[in-house]
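All values below come from the heavy atoms of this structure, side chains included, with hydrogens, waters and symmetry mates left out.
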Amino acid sequence: MTGTGTVAQATAVHRLAPAKINLALHVTGQRGDGYHLLDTLVAFADFGDRLDVMLSDAPKASLSGAFASGLTMDADNLVCRAEALWREAMRRNVGGQGLPPVHIHLTKNLPIASGIGGGSADAAAALLALQEMFGHPLPSDGLHALALALGADVPMCLASSSLRATGIGDVFEPVDLPSLPIVLVNPGVAVSTPTVFSNLEHKTHTPLSHMPVDSHNDDWLEWMSEQRNDLQLPAVRSAPVIAKCLAALETARGCLLARMSGSGATCFGVFADDESAQFAASVLSTSHSGWWVRAGRTI
């Protein structure tokens with residue numbers, strides 16, 4: 001595969017960019033360059049943004065969806081940056097000068113700056129879609145390097161399966177986590193990740209405790225209840241409405257655990273079953289019409 005011999009294997013590729021949920025997030029230190037060290041259990045939802053990549057006569061990027069108004073598909077957008085980096089890697093590594101243009105369309109279903117990895121998941125979906133369209137031309141280590149250049153969360157979003165991440169989030173291993181009924185709630189406020197980290201009083205906390213060796217839901221729920229999100233308190237101080245989200249989830253029928261994801265403001269609830277999760281989502285949507293609420297499962 002060299003030069004103008006590079007051809008598309010498909011005329012269109014469609015990918016889910018699933019919401020990323022930090023079921024537990026411990027801040028274990030801070031590097032000299034300012035990056036915080038984490039130990040986090042991550043799961044992905046069966047819903048999220050949608051990315052469509054189609055062959056086109058000319059390069060094009062477009063946007064739609066409930067949260068499209070908060071974004072622009074320009075050179076600074078993570079999806080557009082992902083395509084640019086991927087094409088440069090193709091030219092450098094496999095001689096892909098003859099790659100045809102594509103039209104990338106992002107359907108933005110997830111709230112922006114909400115602690116569920118929307119932008120990172122979109123970038124990962126773009127890389128994976130381009131790989132699929134052109135027959136997986138870049139090796140996995142090369143793709144991982146591109147993802148890391150886009151952001152610390154992007155490599156784990158390439159996996160989009162349950163994992164434990166350490167370092168700055170770039171070192172991870174798969175975890176045999178059962179599929180859990182969940183409800184995600186965002187109160188409609190954007191929370192600045194740098195601000196939340198800067199408000200963290202202590203930078204060194206204990207890592208996650210030893211994880212269960214089997215995949216029974218009860219064992220995992222007991223373990224998760226003993227963990228924490230070290231960013232939750234500073235995020236609540238920045239946006240007190242997060243506490244209201246947590247309280248609403250905690251008092252919902254069938255909720256077994258409620259916690260904030262990432263740096264907020266999105267909170268999640270783990271529920272006893274799908275019926276309880278769907279019912280809670282319906283009640284919360286009705287009682288808090290300005291909140292974004294979505295029920296589903298981890299994958």
Side-chain angles (χ1 to χ4, degrees), residues 14-26 38-51 107 109-111 114-118 120-122 124-125 128 153-166 169 172-186 208-229 232 245-246 248-250 252-262 264 266-285 292-299:
H14 316 287
R15 292 200 71 94
L16 174 71
K20 177 180 72 68
I21 307 161
N22 295 92
L23 297 173
L25 192 161
H26 295 197
L38 309 175
D39 192 358
T40 178
L41 176 65
V42 174
F44 291 84
D46 60 1
F47 55 85
D49 295 337
R50 175 186 167 99
L51 202 77
T107 306
N109 300 317
L110 300 176
S114 58
I116 49 177
S120 296
D122 297 341
L128 292 169
D153 281 356
V154 182
M156 69 177 77
C157 290
L158 285 177
S160 289
S161 58
S162 300
L163 52 89
R164 179 181 185 174
T166 54
F172 49 85
E173 58 185 9
V175 171
D176 185 18
L177 183 72
S179 177
L180 302 170
I182 54 167
V183 175
L184 296 189
V185 178
N186 184 280
L208 299 177
S209 64
H210 184 68
M211 291 184 176
V213 295
D214 57 39
S215 59
H216 294 298
N217 285 33
D218 291 344
D219 294 332
W220 275 105
L221 284 165
E222 181 180 356
W223 178 87
M224 282 190 286
S225 69
E226 297 169 352
Q227 312 309 307
R228 60 188 188 273
N229 182 345
Q232 186 168 300
C245 284
L246 290 168
L249 283 166
E250 288 168 349
R253 189 183 73 189
C255 183
L256 304 176
L257 173 71
R259 184 172 287 151
M260 189 185 78
S261 176
T266 302
C267 300
F268 68 88
V270 178
F271 281 77
D273 49 51
D274 295 313
E275 181 182 2
S276 297
Q278 293 290 344
F279 180 77
S282 176
V283 171
L284 288 169
S285 296
W292 175 82
V293 182
R294 184 69 189 267
R297 273 188 165 266
T298 60
I299 55 177

Report task. Taking side-chain contact (heavy atoms from CB on, under 4.5 Å) as the test, write out the residues that go with D273, two or more places apart. Result -> E275, S276
Requested in this report: With sequence neighbours excluded, tell me which residues meet side-chain contact (heavy atoms from CB on, under 4.5 Å) with L208.
Outcome: A24, H26, D39, L41, R164, M211, W223, Q227
So which heavy atom on [X] is nearest to which on [Y], and how close?
X    : Y    : result
V183 : A277 : CG2-O, 3.3 Å
D46  : G296 : OD1-CA, 3.6 Å
I299 : S162 : O-OG, 3.6 Å
L16  : A125 : O-CB, 4.3 Å
A45  : P18  : O-CB, 3.2 Å

Report summary line: Contacts of D274 meeting salt bridge (Lys or Arg N to Asp or Glu O under 4.0 Å) (sequence neighbours excluded), chain-then-number -> R297
Query raised in the report: By salt bridge (Lys or Arg N to Asp or Glu O under 4.0 Å), which residues pair with R228, not counting sequence neighbours?
Result: D230
Any [X] side-chain heavy atom under 4.5 Å of [Y] side chain:
X    : Y    : value
I116 : R294 : no
F47  : L184 : yes
W220 : V175 : yes
L23  : L177 : yes
I21  : T266 : no
Q232 : L246 : yes
T298 : S179 : yes

[X] side, atom [atom1]; [Y] side, atom [atom2] - distance, nearest 0.5 Å:
X    : Y    : atom1 : atom2 : result
I182 : L249 : CD1   : CG    : 11.0 Å
N229 : S261 : CG    : OG    : 7.5 Å
L180 : F271 : CG    : CZ    : 12.0 Å
C255 : F268 : SG    : CZ    : 9.0 Å

Query raised in the report: Between the side chain of R253 and the main-chain N/O of F279, is any donor-acceptor distance below 3.5 Å?
Result: no
Requested in this report: State whether the side chain of S285 and the backbone N or O of A281 hold a donor-acceptor pair below 3.5 Å, judged by distance alone.
Outcome: yes
Query raised in the report: Applying salt bridge (charged side-chain N to carboxylate O under 4.0 Å, His left out), which residue pairs with at least one partner in residues 14-25 are found, sequence neighbours left out?
Result: R15-E132, K20-D153
Requested in this report: Count the heavy atoms of every other residue, nucleotide or ligand shown that sit under 6.0 Å from CD of E250, and state whether that count exceeds 12.
Outcome: yes
Report task. For a side chain to side chain contact (heavy atoms under 4.5 Å, CB included) with W292, tell me which candidate from V185, N109, L110 qualifies. Result -> L110
Report task. Go through the steps for V213 and D219 under the test side chain to side chain contact (heavy atoms under 4.5 Å, CB included), then give the verdict. Result -> CA-CA 9 Å; V213 295; D219 294 332; over 6 Å; no
Requested in this report: With sequence neighbours excluded, tell me which residues meet side-chain hydrogen bond (donor to acceptor under 3.5 Å, both in side chains) with D49.
Outcome: K108
